[in-house]
Amino acid sequence: MDAKSYNAALADLRAVRDQIKKARAALAKQEADRDKRIVQLAAHENATAQRIAPAAGLSVADVVALAPALVPDALAADSPQPHALEPSSAAQAVAESAPAARATLPAPARPAPSEAAPPEPPAASETPRDLPSIPEGTHGDSWFAHTSGLASTRPNFTQQARATVFLDTITGVLVHRNETHHLDLADRSAADILTAVFHAVPEGVERIYITAGDPWHRDTGRYPYLRDAVAAWLNAPTPGWRTDTGRGRDRMAGHFVHARNPVGRYQRESGEQHVEIRSVGEWFEVDGDDPATVRDAFVLLWQALRRHFSDAVLMGSPSQTGRDLWTRTIPTRGQFADGFPVLSEELRGLLHATAGQGRNELITPPRVPEQLPQLVEYDRTFAYAKHTWKSPVGTPRRITAHTFSAWSEKEQMRALYGCGHWQVRVTVPDNWNHIGLLPAPAPGDRAWHYPAGPGTTFTTWAGGPEIHTALTNPIQPWKIEILDGILWDDGKPLDDWAKKLKETWTNLSAQAHFQGDAQQARAAHLASRAVRSVLLYGIGAFAQRPRMVTGTTPRALERDVPPDAEIVGFDDELITWQKPTGFARDPNSHPEWAAAIWSGARAALLTQRHRDDNAYAGALHTPPGTVVAFRTDALYLTQPHDWPHHHQPGDYLLRGHLTGPVTAPTTEEELLTLRDAGRGALTAEREA
């Protein structure tokens, strides 16, 4: 490019800049006009946020924020305030109990505060969301019961296998059993895929796994969000087919809109045939693997599971498969021979709102150096399998602040080490200079952050493993004030299921390592990753979030959008919306199990003891200022550590190592880019 072209390009760039400024100004003006109209509409005596939201293209929460008078009645009731304790009662008792328990942990020298910049508290302008509390008195006590007539019981039927094919929508290669077909998929619409597949396999299939191509992303340029493009792809006309209305014991109806792994469910207009189009990405990450290798992975997975579950059947997703396999381990004798009862809907709702999943946190400068000396990734191998040995069972008990403060120190620590979920007021030590230990509600739906600023006080809910870790951590005990709590008996409802999955994972991992045939070795590796997904998403399925229904309405019939729906996308023809339908009467809903496992996994990211090696691993066993990020079960550091790894669940595996200097990531996208580079660099180093 010469100087003249360069100057001309600069002029063009300035013109684009000016156009963007004008567009932003116009958008801001339109949004201000919209907000003004919402406020005007709110003055109408019959105005409701549920009616105004779809017309404005906003959520109900956004409308209420503009017009607080429209807050729904169900949300307007004042939440009871948590029972505050005097500092000399439960808080003092718990804080004083920490040194005794701490004596069982190593006591490394505390790093000088000057080694790292102190953590910064969250910006004061960001108002975190409030977490719910248990009501005082008999109303709150009534939550501590089970839902009548609802329990997890062992099934008395065998799942039926579904005829399955594997399709690469880039190459058109279709694998059905031992046959390979080459299809013409035209423009890769759902209709084109259904037509081509059923022409090649006339006897019919019930499940189509897409191994490559992501056809639901073909028109992403036309839509502002991936979900909009996916919804449009799923809901496009499919001559001869209509959206499935569900069937059988594993009744699933309607499309599932997901940005990356959607599910299209279709039914012949005659009603005689049903088929799903799914992404194999639900099970494992495909890296250029052809459909035949993916088919072999599913075959190996089924064969390996059959060695431990005699009636194992691979269902559409790993979460469905995981829960189905678990139900077949429910005991037929003993205390829970009649099944595991389901908590009250109130407690399930409370756990849904207050028990987060994996820890995802990016720590940015000045809490870490702007130029990192290196970036090292450790991934906890098959992490959740480490935390299934103990789970809550029985009828939960409410432990009020008064009850807790009346207990002895031994009783308090036993309760915190047990299966419990606690509402606490937390105070970070005044001289703390490391990472945060406990999750706190952050602005945004289901968002969490981890306050670490010295002297910071916040109220939150957390599981027993995290509370126990905060009190007994190897650096300095935090001050914890118990405000309320839920305590269960310790049990092992998941132990048999998890042990069988761990053995399956071990066998497949060994096959991947020792198999001489490269394709079969790769298939075994993918199958081992699928076992991880079965356990991981099986646990997530126990959480049973409130169900969301997604639908579309023609723009001309906007008034028909359900009044409690949230608009998630729209184009010139259709409005796409979703609305909550509450908790289903699901006999396998056990959010208390998922919450306990997630809490244990978050605590193990901080500190984990390896008894056989007499060693500890985790973020709290690193110098201050060297933790860059947490990502579910992965830890990113600025220096390597010689932590034990024996290929056992929960062990810290070195996954990536990028030599520095490395510019510290400030966004998730930057972190993932560095992660991939670090994994590639480590692989190249090992192969050299």
Quick one: do [X] and [Y] make a salt bridge, cutoff under 4.0 Å?
X: Arg380; Y: Asp633; value: no
X: Asp586; Y: Arg323; value: yes
X: Arg675; Y: Glu377; value: no

- Using the ring of each side chain (for Trp, its six-membered ring), is His139 parallel, tilted or perpendicular to Trp143, with breaks at 30° and 60°?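 Because their plane-to-plane angle is over 60°, the rings of His139 and Trp143 count as perpendicular.
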Any chance you could measure [X], atom [atom1], to [Y], atom [atom2], to the nearest 0.5 Å?
X: His641; Y: Tyr652; atom1: NE2; atom2: OH; result: 10.5 Å
X: Leu437; Y: Ile480; atom1: CG; atom2: CD1; result: 8.5 Å
X: Leu487; Y: Arg414; atom1: CG; atom2: CZ; result: 10.5 Å
X: Ile482; Y: Trp422; atom1: CD1; atom2: CH2; result: 5.5 Å
X: Leu351; Y: Glu346; atom1: CG; atom2: CD; result: 12.0 Å
X: Leu343; Y: Ser589; atom1: CG; atom2: OG; result: 7.5 Å

Cut-off 3.5 Å, side chains only: do [X] and [Y] have a donor facing an acceptor?
X: Gln423; Y: Ser133; value: yes
X: Thr427; Y: Thr457; value: yes
X: His146; Y: Ser344; value: no
X: Glu668; Y: Asn360; value: no
X: His610; Y: Gln608; value: yes
X: Glu503; Y: His308; value: yes
X: Gln159; Y: Asp311; value: no
X: Ser509; Y: Thr506; value: no
X: Ser599; Y: Glu466; value: yes
X: His421; Y: Thr354; value: yes

- Message: So, applying side chain to side chain donor-acceptor pair (under 3.5 Å) with His646, which one of Asp612, Asp613, Thr381 is it?
- Response: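 Testing each of Asp612, Asp613, Thr381 against His646, the sole residue satisfying side chain to side chain donor-acceptor pair (under 3.5 Å) is Asp613.
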- For Phe630, does the CZ atom have more than 12 heavy-atom neighbours from other residues, nucleotides or ligands under 6.0 Å away? yes
- Message: Surrounding NZ of Lys492 (heavy atoms of other residues, nucleotides or ligands, distance under 6.0 Å), is the total greater than 12?
- Response: yes
Check whether any side-chain N or O of [X] sits under 3.5 Å from a backbone N or O of [Y] as a donor-acceptor pair, and report yes or no.
X: Asp651; Y: Gln648; answer: yes
X: Arg602; Y: Gln357; answer: yes
X: Trp461; Y: Pro132; answer: yes
X: Thr321; Y: Met315; answer: yes
X: Trp407; Y: Glu409; answer: no
X: Thr456; Y: Ala452; answer: no

- Decide yes or no for Leu325 and Leu305: does some side-chain heavy atom of the first lie under 4.5 Å from some side-chain heavy atom of the second?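 Yes, side chains in contact.
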- Any side-chain heavy atom of Pro474 sitting closer than 4.5 Å to one from His621? yes
- Task: Check whether the ring centres of Trp643 and Tyr616 lie less than 6.0 Å apart, and answer yes or no.
- Result: no
- Message: Quick check: Phe309 with Trp326 (ring centres under 6.0 Å apart)?
- Response: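 No, the ring of Trp326 stays outside the 6.0 Å limit from the ring of Phe309, centre to centre.
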- Worked verdict on Leu347 versus Ile486 for side chain to side chain contact (heavy atoms under 4.5 Å, CB included): CA-CA 9 Å; Leu347 277 190; Ile486 310 167; 3.8 Å; yes
- Does Arg359 make a cation-pi contact with Tyr450 (under 6.0 Å, within 45 degrees of the axis)? yes
- Query: So is Arg328 actually on top of Phe157's ring, under 6.0 Å and inside 45° of the axis?
  - Reply: yes
- Would Ile475 and His434 count as a side chain to side chain contact (heavy atoms under 4.5 Å, CB included) if you check the C-alpha gap in whole Å, the side-chain angles of each, and the deciding distance to 0.1 Å? CA-CA 9 Å; Ile475 299 174; His434 217 295; 3.6 Å; yes
